[in-house]
Amino acid sequence: MSNNIEVNYHTTGKSTVTNKLGMRQMQERVYAKRNSKYLLVKAPPASGKSRALMFVALDKLANQGIKKVIVAVPERSIGSSFKNTELVKYGFYEDWIIDPYYDLTSAGTSDSKVQRLIKFMEDTEAKVAICTHSTLRNTYQKIDSDRKFDNTLIAIDEFHHVSAEDNSVLGGALKNIMHNSNAHILAMTGSYFRGDSAPILTEEDEREFDKVNYSYYEQLDGYKYLKSFGIDYKFYQGRYTDAIGEAMDLDKKMIIHIPNVNSAESTKDKYDDDHIFDAIGEIEKKDEETGIYFVRRKTDGKLLKVADLVNEDGREKIQATLRKIKDADDLDIIIALGMAKEGFDWPWAEYALTIGYRGSLTEIVQIIGRVTRDSENKTHSQFVNLISQPDADNEDVTYAVNTIIKAITASLLMEQVLSPEIKLKSKGSKIDTTDKNNDDVVFIKGLKEPPTQKAKDIIENDLPDLKAAILQDRQVQQAIATQEDTEYVNKVLIPKVIMQQELELDDEELESVRQHLVADMVVSQSQNKTSKGENGDNNKFLSMANRLVDVEKLDINMIDKINPFQRAYEIMSTNINSSTLRILQREIDSKKYNFSEDELRIIYPQILKFISENNGKLPDKGSDDEMERKYAYALIKLKTMKEEKERLENA
């Protein structure tokens, strides 16, 4: 398969080996921060976050004065990740043991679980309880004081479910517990983004957390078997059920996620999965004991085992079967709607087919996580998005256009997450000699070093969140589709989005963050090349914007002339036919020059600079230069706003 995006890995085995305490690489990194009162762990699915929590929690109980541990998971099924676990035989000093009475992810009513968690908090002998987010939330609403959480470690799994919004009870509870008790908090997430609609923590509260970031690349590069990961798109018009046959790979262990019945992509038929069965082949039988369907493949008659998680009838039986799977031959395909995402483990899965764009970046990360487990049956994992493409005669053309742009920008973000992390340094900095031979360090002439600790922290920890915000911004997505002027993208749109994140940066801090962000996106998409120099040395080059650039000559001014989203346009122009591409561009062109106030605030000093450099000449909206035309329209907008303000003041 030829992919739009493909990342290759070195199968070093580093992420799966254990130290003398039985800890894998990520777990060892978390354990090194075990004394932190507040700890935020960002690590991909299958990296061992649940066991990392066990190590830290047991140490806090034994050595740090913590009396109780509450582990909160988003849904009951994920509670099994924290079941009794032998740790002593692998080198640790204590096993992880759960009293079944305080495993509140088992059967029972909501009210009974709340009462039992309250009882746990009062039970002087009880050490560990497991509950769902909702049980913790409901319990918090019942107690009369945040001090009830004193000397308690609260561990929140899948932390991206928590929000700092005022209507988020769990987010509010977390904030209050932090400010009004001495509780410790360990938050874990497999997502690399604060949240899709609202931040998980306020910026002020997040600064209180020590962070452990374990990248997707570290995890996948350290596997034993997996060598590559690919992202591809397939497009359809009409019903997706007519196109799904070409999107499936029936030779792979596959998870198919169909669209929600309320989405535009859905056929509005509750039994869409029946059409998928037809595309696979003919159902020969259903095993009533396991719930598994046996389907005779059309192409060669091979019998495939298919699990249907869409229909409610028999779903619990299927789920129980999936938890018992021990071998790659036990299952071939899973068809799912809202399930088989986070907390779901089928390590042999290698091909994720998702119909329709998923608006949540976190959800995309979770789906990808289902197929990036290391397993001896695969050397390559694949994510394919089957997307509706616009039809000029269809009234939903705007929706289809926006969907394509969002899906492709999401893939660029996934490429950033899945690729190796690059450390950017200003050329001539003191540590040049230390990092000279480190391939993960790139030196850039003129790169503005962070002027404050705040800017440094943002550059070191928050670039993934900023990239997510930028690639989800409507104007940025429109700029990508229409091949917007590079200077405008890099120096107006990107800083505008950074400002909207309420980071409260001054001009110097903003420019430093902007430069590092743009450079990171450009360099991380570049390919390394080497060639022999005249003295026999290996000269390093980066393939950037279809040309080779000597690494020794990298300059921030050069990088600012490169569109960090060029690859998105290349993906669209490669995969979408010319007539559809014209529809897409026409749709977005119709909405050009709709400046926001933040955008105008950034562009105004540039207009003044243009006027000064051109001897007082105002920008011309009829100019052949795209940037000058933008300046002209922005100036018109500013004058209109000024006149409107004066009119209101004189009214």
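Counting only heavy atoms from C-beta outward, the side chains of K211 and K33 never approach each other to under 4.5 Å. In this structure, the side chains of T372 and F383 stay at 4.5 Å or more apart for every pair of heavy atoms. Side-chain contact check for S47 versus E218: every heavy-atom pair is 4.5 Å or farther apart. For the pair V513/P495, no side-chain contact is recorded, criterion being any heavy-atom separation below 4.5 Å from C-beta on. A 4.5 Å side-chain heavy-atom check between L635 and Y631 finds every atom pair outside the cut-off. Two residues are said to be in side-chain contact when any heavy atoms from C-beta on lie closer than 4.5 Å; Y233 and I387 meet this criterion.
Side chain to side chain, T452 and E509 meet the donor-acceptor criterion of an N or O pair below 3.5 Å. A donor and an acceptor atom, one from each side chain of D146 and H179, are nowhere located under 3.5 Å apart.
For the pair E208 and K37, the salt-bridge criterion is not met [side-chain N within less than 4.0 Å of a carboxylate O].
When all heavy atoms are compared, the tightest approach of L554 to F443 is CB-O, 3.8 Å.
The main-chain N or O of L447 is found under 3.5 Å from a side-chain atom of S426 such that the two form a donor-acceptor pair. With hydrogens and angles disregarded, no donor-acceptor distance shorter than 3.5 Å links the side chain of D598 to the backbone of V497.
Exactly one of L186, I185, L174, V41 qualifies for a side chain to side chain contact (heavy atoms under 4.5 Å, CB included) with F159. That residue is L174.
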